[in-house]
Structures are given as C-alpha cells and as structure tokens.
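Everything below concerns the one structure shown next.
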Amino acid sequence: MTASGQAQQGRVVQPQPSTKPPGTAMRGFGTTMRVDRWSLRPLAIALGLTAFIVYATISAVFLIPYFGFEYEAQGYHSPFFSIAIGEVILPAWLSPAILVLWMQVFFRATCYYFRGAYYKAFFADPPACAVGEPTIHRRYGMENRFPFILMNLHRIALYIVFIPLTVLWIDLLLALWHDGSLRLGIGVLLIAADAILVSLYTFSCHSFRHLVGGNLDCYSCTANTRRRHGLWQRVSAWNQYHGVWAWASLGSIVVVDLYVRALALDVINTSTPIIGGFL
C-alpha cells in the first residue's frame, strides 16, 4: 500500500530518509560504455578551480595582513578588495578582502553551472554523464541535507552579489577619472573588461533569468508581460554561454589583480602615457 493510502486509513506514516535514486548509469566508479576521453573535462575543471582557489586565497587573504603587499596603486583597485572600508572596521590580521570574497564565493559556489562542474570534478557525482559513481554515493541525500541544502539559497546569493558588482563599476569610473582628468590606460581597459565579464556572468545566471521572466502564466497578455518576455529571451541568449562567462570572469579577476600588484611593486613601468594618463 502506498504512503497516501496508509495516511487515508489513519495509519502513522514514518518519513523515509532521503536517498539518491539509482539512475541508469552502470554501477561502479568509472564504469561506462563511453569510448571518448570523458575524464579530461572533469580533470581540467578540477585543475582550473584548484588553481584559482589557491591563487585567490594567497592573494586576497594572506598577502595584505602577513606580507604587507598593497592592493591599490595609482587609483586602481584589485577586484578582491573593491569594498575599501575593510581596513577601518577589521582587525589588522584579517584581510579586508573578506568583505567581498564571501559574497562572490556564496554566489559562485551555489551557481547552477559551477555546481554541475565541481560536483563532477571534486565529488565524482557523477564523474561525467553516463559514468558510474563511487558506491559511497548511495548514502548521499542530494541537496536535502546540510551542507548541500544551502545550494537552494542561490537566488538570495544573486541579490547579494549585486553589491560587489555595483562597487566594481564604481571602481571603473574612479579609475577612468583620476587626479581630476580623464585617463584611458591599460589598467582602465582591464578593469572595464573585468566589469563586463562579471556582469555577463551575473546577468546570464539561471536565477536572474527566472527573476525577469518567471512567475508569469502569459507572456502576451499585456504590454508589461511582453516586455518581460523580450527581456527573458535576451537573458536566455546570454544564458547559453553562462559557463563561458563564468570562466572568463575568473580569468579577468586574476589578470586585474596581477596587474595592480605589479604596479604596486613597481614591476611595471608606468612612465609611458596611453591616452590622457598612464598605464
């Protein structure tokens, strides 16, 4: 008898623990009928994410409080330190980047694209499509248990990440207008590229797509719903390249951070003007 039938007869129905459905892939870790090199993609993702995590941790968390490396030079800010009030309100041993990092980590860690990427790369869940998983995953309760249940907060993370995104564009304007004059140099171009790529990643998000076009039963009923449908179509077009923007924006963050660090350490010679200013 089904649980609903038992409930109708007044019987107490004990909730069943969440377990992962068996699926249709062959059993056993790495077991598959695929003949392509399916392991290359999760391996590349694991290496790429690990490299970024290590770099971001060293650059954003340790270089300032423990080694005294500057994150600002000639009006340019590292994107890890966009919210510049950290030095005022935080103790000296804690990097001010923490004010930005937790928002970005919250958003990217719960991102639908990155979840699919690092679930495969780090947890082998699954290692790839139509590839067998480790037997330990039989006890996995999917995103119904802590900590993976936090993935359901991605829509809230989207609202929060608008804060550092806005500050990033403000940083671009401050870099563009420096010492009372217009400046167009390599630094401005790099920050502009970073702001555009991070914006494309944010606004191509699945949750943003739902925000602009969800909760509607009819797209053609009113002028407002037709406008929202047009916006939803545009966001859907961006969404097709969401993974591209995700990786490109990670790369642009690293490039801008390296550039600002090099300026601060006088590794780059800034004596050559570009347009209305210097590098």
*Assess whether side chain to side chain contact (heavy atoms under 4.5 Å, CB included) is satisfied between Gln104 and Ser249, documenting all intermediate values.*
CA-CA 12 Å; Gln104 293 287 1; Ser249 59; over 6 Å; no

*asked:* Apply side chain to side chain contact (heavy atoms under 4.5 Å, CB included) to residues Tyr71 and Val260 and explain how you reach the verdict.
replied: CA-CA 7 Å; Tyr71 60 85; Val260 174; 5.6 Å; no

*Stepwise, does the side chain to side chain contact (heavy atoms under 4.5 Å, CB included) test hold for Phe122 with Thr50?*
CA-CA 10 Å; Phe122 294 139; Thr50 300; 3.7 Å; yes

_Pair His178, Val188 - check side chain to side chain contact (heavy atoms under 4.5 Å, CB included), show working._
CA-CA 10 Å; His178 183 62; Val188 172; over 6 Å; no

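His154 and Phe106 have their aromatic ring centers separated by at least 6.0 angstrom. With ring centers used as reference points, Tyr201 lies under 6.0 Å from Phe107.
Counting non-hydrogen atoms of other residues, nucleotides and ligands closer than 6.0 Å to CZ of Arg261 gives a total above 12. By the neighbour-count criterion of 12 heavy atoms within 6.0 Å, atom CZ of Arg228 is densely surrounded, having more than that number from other residues, nucleotides or ligands.
Follow the hydrophobic side-chain contacts under 4.5 Å out from Leu211 and you reach Leu231 in the same cluster. When the side chains of ILVMFWY residues are joined at heavy-atom separations under 4.5 Å, either directly or via intervening members, Phe208 and Val244 end up in a single hydrophobic cluster. Under a hydrophobic clustering in which Ile, Leu, Val, Met, Phe, Trp and Tyr are joined whenever their side-chain heavy atoms come within less than 4.5 Å, directly or via other members, Trp102 and Val105 fall into different clusters. Tyr112 and Leu150 are not part of a single hydrophobic cluster, where members link through side-chain heavy atoms under 4.5 Å apart. Hydrophobic cluster membership differs between Leu184 and Leu174, with clusters built from Ile, Leu, Val, Met, Phe, Trp and Tyr side chains linked at under 4.5 angstrom.
Rounding to the nearest 0.5 Å gives a distance of 8.0 Å between CG of Leu168 and CD1 of Ile191. In this structure, CZ on Phe114 lies 8.0 Å from NE2 on His242, to the nearest 0.5 angstrom. Rounded to the nearest 0.5 angstrom, Leu263 CG and Ser78 OG are separated by 11.5 Å. Rounding to the nearest 0.5 Å gives a distance of 5.5 Å between OH of Tyr259 and CD1 of Ile186. Once rounded to the nearest 0.5 Å, the distance linking CD of Gln233 with CG of Asn239 reads 13.5 Å. Between Asp171 atom CG and Leu176 atom CG the span is 12.5 Å, to the nearest 0.5 Å.
No donor-acceptor pair closer than 3.5 Å links the side chain of Ser59 to the backbone N or O of Tyr55.
Ring orientation note: the planes of Phe162 and Phe203 are close to parallel, at an angle under 30° on the 30°/60° scale. The aromatic rings of Phe123 and Tyr119 sit tilted, their planes meeting at an angle between 30° and 60°.
With a 4.5 Å cut-off on side-chain heavy atoms, Val255 and Leu190 count as touching. Between Val167 and Val100 the shortest side-chain heavy-atom distance does not fall below 4.5 Å. Side-chain contact check for Phe148 versus Asp125: every heavy-atom pair is 4.5 Å or farther apart. Taking 4.5 Å as the limit, some side-chain heavy atom of Ile170 sits within range of a side-chain heavy atom of Thr166. Side-chain contact between Trp169 and Leu173 is absent, with no heavy-atom pair separated by less than 4.5 Å.
Nearest approach of Asp257 to Pro79, heavy atoms of both residues: N-CD, 4.0 Å. Here the shortest heavy-atom pairing between Lys120 and Pro127 reads CB-O, 3.7 Å. What you find for Ala124 and Pro134 is that their closest heavy atoms are O-CD, 3.5 Å. Among all heavy-atom pairs drawn from Ala60 and Ala97, the shortest one is O-CB, 3.3 Å. Looking at every heavy atom in both residues, His77 comes nearest to Phe81 through CD2-O, 4.1 Å. Of all non-hydrogen atoms in Phe80 and Ala56, the two that sit nearest each other are CZ-CB, 3.8 Å.
The side-chain tip of Arg183 points at the ring of Tyr76 from less than 6.0 angstrom away and within 45° of straight on.
Looking only at atom types and distance, the side chain of Trp247 has a donor-acceptor partner in the side chain of Tyr113 under 3.5 Å away.
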